[in-house]
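These notes are about the structure you will find just below.
Both backbone and side-chain heavy atoms feed into the values below; hydrogens, waters and symmetry mates do not. In each ligand, atom 1 is the first atom listed, and ligand 1 is the first ligand listed.
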Amino acid sequence: MKKVGVAILGLGVVGGGTYKILTEHKEFYKKNHGVEITVESVLETNRQRALELGVDESKICNNVAEICSNPEVDIVVEVIGGVEPAKSFVIAALNSGKSVVTSNKELFCKYSHEIEKIAKKNGVGLFYEATCVGGVPVIRTLLDSLQGNKITSMMGIINGTTNYILTKMSECGSPYGEVLKEAQKLGYAEADSTADVEGYDAAYKLSILSSLSFHTKIPYTEIYREGIKDINNADIVYGKQLGYVLKLLAIGKNGENGIEVRVHPTFIKSSHPLAGVNDSYNAVYITGDSVEDVMLYGRGAGAMPTGSAIVGDIIYCATHPTHNYSTFKNTEKADPATKFVKNFESAYYIRLSAEDKAGVLAKVTSLLSKYSISVSQVNQENCGTAGTAPIILITHITKENNVKKAVADINATGFAKVENYIRVVS
Ligand code: HSE
């Protein structure tokens, strides 16, 4: 029977889940895949944590050099997260002839051009299913199953923490800070939750997914990014009254005018398939020219779902004699020929507080029409502070820059103020 040795760098939430799956399913993999996978060593400074998981004391290492020089180790799993020391460890492992499986989206997003080159030079594998959307097999779907398509768009809920927060805010009216703490306790959030709530985590994942979808490097720095920190419970309630659900969406489009990539809070119609994706669940909705629409759905974060993606990569690596690499032009920067659409089109939800008197709404809509913004829905609430009323507008499709200019003009009037505006996908 083929024997494969694995080393796990980091036994945190995901590393712990990976260790459990590999040890508990060992016999199953032997029987069904004809491969005996053994965790030969772990890199973990918290020895107690490793011992509690059942790791034999002799297998706990303190430095990566020990792992790189261990001939029993074939595959190194990097689940440390962040750029350094993860990057140096991954490079050391690749240069020692080990294949690498990583869940590190920040590392892969920023340095895939560099580390993949090293993997190729050494003839070893580099696998990264777990970088995006936890247990949902989206990377291999893009690398293999959808290769026959020109992918025109992808839209996804690709961050479990923010989806959990928005779901709880919507269902229970709970305040943002309280729900964030719950998400951290459940192990969904990154060590520094800024990456989740400010949309960086989703932007790293969108960079990887859109590079694969559009066959060219989409650096995360080209992605328009807005997080959920400024979301107010009032917006969720008003949106719901109009038939919308609020989600942090990652959107990638490849159209005639170029590539459009953005991450921001978005209202979607409650009948849209993504509207029912709640809690830490994630989903990616992909449109290809032949396949039409495909939606992949599942747990986007957590020890066992992400561990599932890692173990899938380990088995793939252990059972395939040659390695495949990324199917996009893996350069450091975007190809100079790639055009990015920054002034994108969308419908908008605009929440204003305005003086509650005759003619105010007409003046607001006349400022919108100055920038060719047409209104499709208006709702006035009765609960404003003395003399003011919250007004909710939904616009028809317009350009981002027009909305920004109209918002600045409205705020300069003195009788109306835009409290928030959110893009809408119908
Ligand atoms: N913090 C990430 C999330 C973990 O919430 O989706 C999975 O990448």
Which protein non-hydrogen atom lies closest to atom 1 (N) of ligand 1, naming both residue and atom, and how far is it?
-> E190 OE2, 2.6 Å
Ligand-side contact atoms (ligand 1) for residue partner N159, heavy atom cut-off under 4.0 Å = 2 (C), 3 (C), 5 (O), 6 (O)
Which atoms form the tightest heavy-atom contact between V261 and S210, and what is the distance?
-> CG1-OG, 3.8 Å
Could you check L368 against I410 for side-chain contact (heavy atoms from CB on, under 4.5 Å), going step by step and ending with a plain yes or no?
-> CA-CA 8 Å; L368 293 173; I410 293 169; 4.1 Å; yes
Side-chain donor-acceptor contact under 3.5 Å, H264 with T266 | yes
Atoms in ligand 1 with a heavy atom of D196 nearer than 4.0 Å = 1 (N), 2 (C), 3 (C), 5 (O)
Per-atom contacts, ligand 1 versus K205 - under 4.0 Å to a heavy atom = 2 (C), 3 (C), 6 (O), 7 (C), 8 (O)
Quick look: T161 vs ligand 1, heavy-atom contacts under 4.0 Å, and the answer is both
Would you mind listing which atoms of ligand 1 come within a distance below 4.0 Å of any non-hydrogen atom of G160?
-> 3 (C), 5 (O), 6 (O)
For K168 and E182, run salt bridge (charged side-chain N to carboxylate O under 4.0 Å, His left out): C-alpha distance rounded to whole Å, both residues' side-chain angles, the deciding distance at 0.1 Å, then the answer.
-> CA-CA 10 Å; K168 294 297 168 216; E182 278 173 37; over 6 Å; no
Could you label the plane-to-plane angle of the Y421 and Y348 rings as parallel, tilted or perpendicular, counting under 30° as parallel and over 60° as perpendicular?
-> tilted
So does K26 have more than 12 non-hydrogen atoms from other groups sitting under 6.0 Å from NZ?
-> yes
Considering distance alone, does some N or O of K105 sit under 3.5 Å from an N or O of ligand 1?
-> yes
Close approach of G300 to ligand 1, heavy atoms, under 4.0 angstrom | yes
